[in-house]
Peer 1: 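Take this structure, written in structure tokens, and hold onto it; I'll ask about it next.
What you see below is based on every heavy atom in this structure, not just the backbone, and it leaves out hydrogens, waters and symmetry mates. In what follows, every chain begins at residue 1, and chains take the letters A, B, ... in the order their sequences are listed.
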Protein chains: 2
Amino acid sequence: MSDAQAVAKRSASKAEGDERHEAIYRAVSDAIVEQRLKPGARLREDALAEVFGISRTGIRKILQRLALEQLVTLTPRRGASVTRPTADEAKDVFDARQLIECGLMPDVARRMNEKEAAELRDMAQRERQALRSGQQSVAIRLSADFHVRLAQLSGNATLAAFVETLCSRSSLILAVYGHRGHLGCESHDHDDLIGYLEAGNGERAKAFMSRHLKAIEASLSMVEEEDSAPDLQQIFGG
Amino acid sequence: MSDAQAVAKRSASKAEGDERHEAIYRAVSDAIVEQRLKPGARLREDALAEVFGISRTGIRKILQRLALEQLVTLTPRRGASVTRPTADEAKDVFDARQLIECGLMPDVARRMNEKEAAELRDMAQRERQALRSGQQSVAIRLSADFHVRLAQLSGNATLAAFVETLCSRSSLILAVYGHRGHLGCESHDHDDLIGYLEAGNGERAKAFMSRHLKAIEASLSMVEEEDSAPDLQQIFGG
DNA sequence: ATTGGGCGTAATGTATACAATATAACAGGC
DNA sequence: GCCTGTTATATTGTATACATTACGCCCAAT
């Protein structure tokens with residue numbers, strides 16, 4: 001065990017394990033969403049356990065949670081790997097977002113207050129800033145956070161939690177099928193949406209969200225690479 | 001250990017552990033949904049481990065899955081207990097079902113074929129039969145299965161899986177807030193719905209589903225029992 | 001008599017040891 | 001030369017032992 005790991009372990013030994021687990025969960029989740037862990041990457045339990053300074057028991061718990069959110073795929077006797085979303089799954093996710101996020105807009109428009117609108121504007125600004133500075137993966141995460149916060153403002157915690165998983169999966173989909181340098185979300189879209197919501201125009205916001213999501217989906221290039229009988233000559237041969 | 005449990009243990013000793021885990025998961029899930037395990041009931045790991053003949057490790061895995069579906073509540077250092085849905089949660093669940101299940105009806109009407117319609121009719125008939133024979137908890141489960149199967153026919157696996165968790169939670173809500181002998185689902189409702197779907201009338205089916213869900217929700221008596229400073233005299237006193 | 005503190009028990013949280021199994025390397029045969 | 005069967009290694013699956021913590025009981029003091 002390295003010094004850094006030993007320190008991490010010590011500092012957490014008296015802290016509440018719950019928070020430590022939550023932190024590790026977020027660390028892995030963020031790494032996946034930001035494509036530092038690429039789809040298909042294997043997540044060996046021993047390696048993760050050593051990195052985070054806890055035993056495999058805790059790692060397995062976290063991997064199972066990630067698996068239920070469809071961020072990692074658990075293959076029996078083969079272990080965990082970062083999920084590689086299929087085109088079908090991508091369609092399902094965006095169809096679900098269409099139905100739910102659009103359906104929630106009227107509620108959000110009715111309930112949102114000034115403070116919450118300001119919070120959303122701040123998030124949208126930070127997103128634009130990340131885009132300008134070329135931090136695409138950070139921008140993807142901020143965009144997802146924006147959509148999640150929006151769903152939370154509907155007042156329905158159950159649907160908000162589901163939207164959160166949909167947005168996480170969307171980030172993964174974008175990381176796989178999105179064009180480099182083409183984020184999907186236009187930078188001003190979110191600001192426009194806030195305007196409609198502040199005006200209390202739920203129907204307008206709903207229609208705009210629909211176009212917004214359609215635009216993201218349309219920006220994807222849905223080509224599934226074949227994994228059966230790959231041309232080894234082409235891949236490895238000179 | 002009862003004979004049935006011993007048999008279950010023996011028959012699974014050489015079977016794949018995965019299926020065994022799935023079976024135990026369903027056994028617990030069913031027991032909760034059918035109110036054989038009442039809300040608030042504690043689920044001790046040792047007890048479950050002994051009953052099903054596996055160690056606590058596997059039990060914890062199952063409990064965590066049930067917790068993520070909100071069927072059980074995991075309190076740190078206190079263990080697992082069957083979730084007692086609050087009135088707010090109940091509202092969220094039924095609002096979510098309104099949005100999603102109704103929104104899926106047009107898709108179902110478009111995609112459903114004769115064989116699937118026959119399957120649904122069979123489920124509806126078995127549900128009526130259970131109702132007639134007074135097996136209320138069984139009828140609740142069959143009703144939930146009907147709604148889940150319907151969502152699956154939409155072709156969106158992601159939304160179907162979410163509807164499944166919503167229906168499970170609804171069963172729990174009905175078990176807590178429903179009147180005895182008043183199931184919520186009128187016995188002929190599901191048959192009527194199949195008729196609209198067979199006719200390809202998605203909008204009609206959507207409107208009917210909306211009324212159907214509203215009727216179920218309206219049949220509940222949303223009185224949350226106070227848990228702070230209960231009148232012990234009234235509860236325990238003669 | 002009731003409340004507060006201390007202690008014993010019981011249950012959960014965590015880590016580790018062991019068993020089962022899949023992958024990969026390698027040797028032998030067609 | 002390629003394919004197949006075997007063995008070795010590495011990784012996951014499972015159980016159990018230990019540590020930690022909460023609950024219930026008892027006793028004493030006000």
Peer 1: Output a table of donor-acceptor pairs, distance under 3.5 Å, between side-chain atoms of residues 26-40 of chain B and any protein atom two or more places apart or on a different chain; print 'none' if there are none.
Peer 2:
from, atom 1, to, atom 2, distance (Å)
B:Glu34, OE1, B:Arg36, NH1, 2.6
B:Gln35, NE2, B:Ala175, O, 3.2

Peer 1: What is the distance from CZ of B:Arg56 to P of D:dA19, rounded to the nearest Å?
Peer 2: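 Atom-to-atom, B:Arg56 to D:dA19, this comes out as 15 Å.
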Peer 1: Suppose the criterion is salt bridge (charged side-chain N to carboxylate O under 4.0 Å, His left out): which pairs have a residue in residues 142-155 of chain B, not counting sequence neighbours?
Peer 2: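 As it turns out, the salt bridge (charged side-chain N to carboxylate O under 4.0 Å, His left out) pairs with a partner in residues 142-155 of chain B, which skip direct neighbours, are B:Glu119-B:Arg149, B:Arg141-B:Asp145.
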Peer 1: Rounded to the nearest Å, what distance is computed from the CZ atom of residue A:Phe52 to the C1' atom of nucleotide C:dA15?
Peer 2: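 Roughly 18 Å, once rounded to whole Å.
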Peer 1: Determine which pairs satisfy salt bridge (charged side-chain N to carboxylate O under 4.0 Å, His left out) with at least one residue from residues 52-76 of chain A, sequence neighbours left out, and list them in order.
Peer 2: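 Non-adjacent pairs meeting salt bridge (charged side-chain N to carboxylate O under 4.0 Å, His left out): A:Glu22-A:Arg65, A:Glu45-A:Arg56, A:Glu45-A:Arg60, A:Arg65-A:Glu69.
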Peer 1: Tell me which of B:Thr57 and B:Ala80 sits closer to the 5' end of DNA chain C, going by the nucleotide each one is nearest to.
Peer 2: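 Its nearest nucleotide being more 5', the pick is B:Ala80.
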Peer 1: Under the rule for salt bridge (Lys or Arg N to Asp or Glu O under 4.0 Å), what residues qualify as partners of B:Asp95, not counting sequence neighbours?
Peer 2: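 B:Asp95: salt bridge (Lys or Arg N to Asp or Glu O under 4.0 Å) contacts with B:Lys91.
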Peer 1: Can you name the residues that form a ring pair (Phe, Tyr, Trp, His ring centres under 6.0 Å) with A:Phe146, not counting sequence neighbours?
Peer 2: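 In terms of ring pair (Phe, Tyr, Trp, His ring centres under 6.0 Å), with neighbours along the sequence ignored, A:Phe146 is linked to A:His190.
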Peer 1: Hydrogens and angles aside, do B:Ser81 and B:Thr73 bring a side-chain donor and acceptor to less than 3.5 Å of each other?
Peer 2: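 No.
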Peer 1: For A:Arg169, what residues pass the salt bridge (Lys or Arg N to Asp or Glu O under 4.0 Å) criterion, not counting sequence neighbours?
Peer 2: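 In terms of salt bridge (Lys or Arg N to Asp or Glu O under 4.0 Å), with neighbours along the sequence ignored, A:Arg169 is linked to no residue.
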Peer 1: Quick one: A:Arg60 CZ to D:dG13 C1', roughly how many Å, whole number?
Peer 2: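 Distance check: A:Arg60 CZ to D:dG13 C1' gives 6 Å.
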Peer 1: Roughly, in whole Å, what's the span from CD1 in A:Ile59 to P in C:dA15?
Peer 2: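 Checked: the CD1 to P distance equals 9 Å.
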Peer 1: Go through the structure and list residues passing ring pair (Phe, Tyr, Trp, His ring centres under 6.0 Å) with A:Phe162, not counting sequence neighbours.
Peer 2: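 Only B:Phe162 meet the ring pair (Phe, Tyr, Trp, His ring centres under 6.0 Å) criterion with A:Phe162.
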Peer 1: What I want to check is whether the side chains of A:Arg111 and A:Ser154 have a donor and an acceptor closer together than 3.5 Å.
Peer 2: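 There is no such pair between these side chains.
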Peer 1: Nearest-Å distance, CD1 (A:Ile62) to P (C:dG13)?
Peer 2: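 From A:Ile62 CD1 to C:dG13 P: 14 Å.
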Peer 1: Tell me, which of residues 64-76 of chain A have any heavy atom that sits under 4.0 Å from an atom in DNA chain C?
Peer 2: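 Here the set is empty: none.
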Peer 1: Write out a two-atom table: protein N or O, nucleotide N or O from nucleotides 9-11 of chain C, distance below 3.5 Å.
Peer 2:
from, atom 1, to, atom 2, distance (Å)
C:dA11, OP1, B:Arg44, NH1, 3.4
C:dA11, O5', B:Arg44, NH1, 3.2

Peer 1: Among C:dT14, C:dA15, D:dT14, which nucleotide sits nearest the side chain of A:Ile54?
Peer 2: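 Nearest listed nucleotide: C:dA15.
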Peer 1: Rounded to the Å, how far apart are A:Arg77 CZ and D:dT12 P?
Peer 2: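 Result: 12 Å.
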